Colleague: 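First the structure, which I've put down as structure tokens, then a few questions once you've had a look.
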Number of protein chains: 2
Amino acid sequence: MDQRVKKKATIYDLSVLSGSSPSTVSAVLNGTWRKRRIKESTAQTILGLAERHQYTTNLQARGLRRSRSGLVGLMLPVHDNRYFSSMAQTFEGHVRSRGQCPVVVSASRDPEEERRTAETLISYSIDQLFIVGATDPDGVHEVCESAGLKHVNIDLPGAKAHSVISDNYEGARMLTEAIIHHFGNDDPLRPDELYLFGGRNDHASRERIAAFHATKKALLGADPEDGVQSSGYSPDITLRAFEVFYQRHGKLPRALFINSSINMEGLLRFMAGRPAEMFSELVVGCYDYDPFGSFLPFPVIMVRQNVEAMIAKAFALIDEPTTPPQSFLITPELIQPRSALKGPLDTLKDMA
Amino acid sequence: MDQRVKKKATIYDLSVLSGSSPSTVSAVLNGTWRKRRIKESTAQTILGLAERHQYTTNLQARGLRRSRSGLVGLMLPVHDNRYFSSMAQTFEGHVRSRGQCPVVVSASRDPEEERRTAETLISYSIDQLFIVGATDPDGVHEVCESAGLKHVNIDLPGAKAHSVISDNYEGARMLTEAIIHHFGNDDPLRPDELYLFGGRNDHASRERIAAFHATKKALLGADPEDGVQSSGYSPDITLRAFEVFYQRHGKLPRALFINSSINMEGLLRFMAGRPAEMFSELVVGCYDYDPFGSFLPFPVIMVRQNVEAMIAKAFALIDEPTTPPQSFLITPELIQPRSALKGPLDTLKDMA
DNA sequence: TTCGCTTGCACAATCGATGGTGCAAAAACT
DNA sequence: AGTTTTTGCACCATCGATTGTGCAAGCGAA
């Protein structure tokens, strides 16, 4: 009657109340009761009691017995970023629609942490793991593999499991081209006026840098050696790279290829405190899309990865039989300056 | 020997291998072995075996037995937003440092979904729940309460559990004041030139709107009735609000108070496709901080909620004995235009 | 009446870890 | 040597749900 302080009801409680055995109660509550030839009326009685006593399944117990949990994991490098958080948002929608429970965690781009995180999730018997932007996908793979856990790589490819990745080469090619074409013919960009900032030694960066070099060479005829300033995935390191560059050259390049929105924040930090006019002639290409970034006071051409397509493909792959691991390229989209695109939030209902 | 295909080792396996009983193995592995007076050498043997066989605790089994799981929940309205995703990032840090596992989920600002989500998490015996920006905090409270789950509200207050909220009144007062003061004395703002867009009928919006009205009246002497355009938490509804306004008045107001970065995206959508000059005189105050938003081509004064302080306070509160529920105000910070602040990501290590 | 089939459900083992309790063997003490 | 104390560990019930199996009652047919 009064469930104010009471502990949660179990199938045993309902068993006593209904006069049926625990196994019958269990069958009724998990929907397998027809298969077990339970009488309709018995089922109704039990369902009624369950309702009245606010029964909810103890999912840890179920998980223990079934050795899976209904949890689906998403491992991100970080949360605090439009790209990854929109992954999380999209992922959640997919998982929910399958009646499972999403678990989103971040692993800070640290191989050790990635491994540990995967292990923790495995200890909870998660059913599947989506690995986004892992620094060491194959390390995580080992962990998953030896636990028999299905997993997919997203954004950075692993050698040992299916991967869904953005077509970084093509994206960077389009972006570099767009930057160069943004300058008219009367005052065309020179090879030494376009620099790339950000990135480190991961697959995505390498592809992008390769495309950057190739496209520069193709369109501008030359490509000086020092055109790339690796600065990891850290705003502050990128900031320092800009400061160093500025000190050396007395100015910024006319055009920048910036490897990600995180590096772009490094540019913002450089801008802070310096006069806006210093940046009025700047043209930037950024390999990431952020709606606010798109409206900065100078032209920012962005690349939007197709998050929806990537997640959808990842879900399609993870259920597939284990064919040899393959990489699937998803072509990103070039976004012109001053574009405000819809995101996963737009599917949510809201009132005025 | 070969653990390629093998199922995970359990304490029973180690029990056989070591010649000790399962309970001894358990005690050794969970660290209670000194209390149970297990010989040092026995412990070492077992730990060695555990290492060799890559033993990891089945946390579902442990959770079932202990009726808690080591999971700590964070329920967000949405992921895809700097404010909430930086909450997630900060929250993760705290939970990790306590040796527990963070579970971040979103509930789409839907009371029904919020309730269901809480129930699901409870079914996994999570240890604590942090409820951020819930539409119906008290509904979620009921659910938690009847399961004996510790919980705290963040960002939107509930009547029945402790709450940590931003001081919305003070924040909006500061912001409104800053907007007004941004205009010099030679061409001061008139009362009918400052509008508020966004927000709906929740505690935060009400406070902000109240402060907006009061501050306008105090500083500008008057405050026309129609100065507030509620448009929920949706970019598109906000966009429509701007379109309607523009159609009616033939222009935008000189100054805007925008209720959140999500509404700000509505402004971006309005800007897209219209000439940049249309916005060159605009002054905007936005109740949220986004680094890119801070560098738009017009002055954007922002309010940064003190996420770190809020989360820290929430953790402090959740462990406390159940005193009568209280609300704790955390004062937000006014951010001048063109500021690129550090965030939770800056604590992560990264290389160059 | 008897055999055989269906219906409807109960029984009991199991998933893996935990922790209270009990009890031999070793050590310490008289 | 006999008694008490300490050490070191095993035993077993338990957490809540799942699921393979078994079996009695009911029913129809022969």
Side-chain angles (χ1 to χ4, degrees), chain A residues 6-46 49-50 53-70 120 122-127 147-148, chain B residues 6-47 49-50 53-70 122-127 147-148:
Chain A
K6 212 177 55 192
K7 279 290 103 196
K8 293 197 78 72
T10 70
I11 54 169
Y12 299 97
D13 301 330
L14 297 185
S15 156
V16 172
L17 290 169
S18 67
S20 305
S21 77
S23 63
T24 301
V25 174
S26 169
V28 169
L29 293 172
N30 69 29
T32 60
W33 57 279
R34 288 180 196 285
K35 200 163 56 195
R36 288 176 88 76
R37 299 193 314 243
I38 307 296
K39 222 196 305 179
E40 176 86 34
S41 66
T42 312
Q44 291 312 326
T45 309
I46 292 175
L49 283 170
H53 292 268
Q54 311 212 50
Y55 171 84
T56 56
T57 309
N58 180 322
L59 295 175
Q60 298 217 78
R62 170 182 289 173
L64 175 58
R65 186 58 234 261
R66 291 200 178 153
S67 65
R68 36 200 189 82
S69 61
T120 305
I122 287 169
S123 297
Y124 285 107
S125 308
I126 59 167
D127 300 345
Chain B
K6 212 178 55 193
K7 278 292 102 195
K8 294 196 78 68
T10 70
I11 53 169
Y12 298 96
D13 302 329
L14 297 185
S15 155
V16 172
L17 289 169
S18 67
S20 307
S21 76
S23 62
T24 299
V25 175
S26 169
V28 168
L29 293 172
N30 68 31
T32 59
W33 56 279
R34 287 179 195 286
K35 199 163 57 195
R36 281 174 144 310
R37 299 195 313 244
I38 308 295
K39 223 196 308 178
E40 176 87 35
S41 67
T42 312
Q44 290 312 325
T45 309
I46 292 174
L47 289 172
L49 283 169
H53 292 268
Q54 312 213 48
Y55 170 85
T56 57
T57 310
N58 181 322
L59 295 175
Q60 298 216 74
R62 171 182 289 173
L64 174 57
R65 186 59 233 262
R66 291 200 178 152
S67 66
R68 39 202 186 79
S69 61
I122 287 169
S123 296
Y124 285 107
S125 309
I126 59 167
D127 300 343

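All of these numbers come straight from a predicted model, not from anything done at the bench.
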Colleague: Starting at OH of A/Tyr124 and ending at C1' of C/dA17, how long is that distance when rounded to a whole Å?
Modeller: 13 Å
Colleague: Just jot down the side chain to side chain contact (heavy atoms under 4.5 Å, CB included) partners of A/Leu64, sequence neighbours excluded, or say none.
Modeller: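 A/Leu64: side chain to side chain contact (heavy atoms under 4.5 Å, CB included) contacts with B/Asn58, B/Ala61, B/Leu64.
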Colleague: Tell me every residue that passes side chain to side chain donor-acceptor pair (under 3.5 Å) with A/Ser69, counting only those two or more places apart in sequence or in another chain.
Modeller: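 By the side chain to side chain donor-acceptor pair (under 3.5 Å) rule, A/Ser69 matches no residue at all.
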Colleague: Sequence neighbours left out, what passes side chain to side chain contact (heavy atoms under 4.5 Å, CB included) with B/Thr56? Give chain and number order.
Modeller: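 For B/Thr56, the residues satisfying side chain to side chain contact (heavy atoms under 4.5 Å, CB included) (neighbours in sequence not counted) are A/Glu119, A/Ser123, B/Lys8.
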Colleague: Applying side chain to side chain donor-acceptor pair (under 3.5 Å), can you list everything that pairs with B/Thr57, at least two apart in sequence or on another chain?
Modeller: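 So B/Thr57 forms no side chain to side chain donor-acceptor pair (under 3.5 Å) with any residue.
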Colleague: Heavy atoms, side chains only, cut-off 4.5 Å: are A/Asn30 and A/Arg62 in contact?
Modeller: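 When only atoms from C-beta onward are counted, A/Arg62 and A/Asn30 do touch, with a gap below 4.5 Å.
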Colleague: Which residues pass the side chain to side chain donor-acceptor pair (under 3.5 Å) test with A/Ser125, not counting sequence neighbours?
Modeller: B/Gln60
Colleague: Just to verify, what does B/Arg34 make a side chain to side chain contact (heavy atoms under 4.5 Å, CB included) with, not counting sequence neighbours?
Modeller: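 Listed in chain order: B/Glu40.
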Colleague: One character per nucleotide, please: for nucleotides 6-15 of chain C, 5' to 3', B when the base has a protein heavy atom closer than 4.0 Å, S when only the sugar-phosphate does, - otherwise.
Modeller: -BBBBBBBBB
Colleague: Using the heavy-atom set of chain B and a strict 4.0 Å cut-off, write down the first and last nucleotide of DNA chain D that makes it in, 5' to 3'.
Modeller: D/dT7 to D/dG16
Colleague: Between atom NZ in B/Lys8 and atom P in C/dA17, what is the gap in whole Å?
Modeller: 10 Å
Colleague: With sequence neighbours left out, write down each residue that passes side chain to side chain contact (heavy atoms under 4.5 Å, CB included) with A/Ser67, or none if nothing qualifies.
Modeller: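 By the side chain to side chain contact (heavy atoms under 4.5 Å, CB included) rule, A/Ser67 matches no residue at all.
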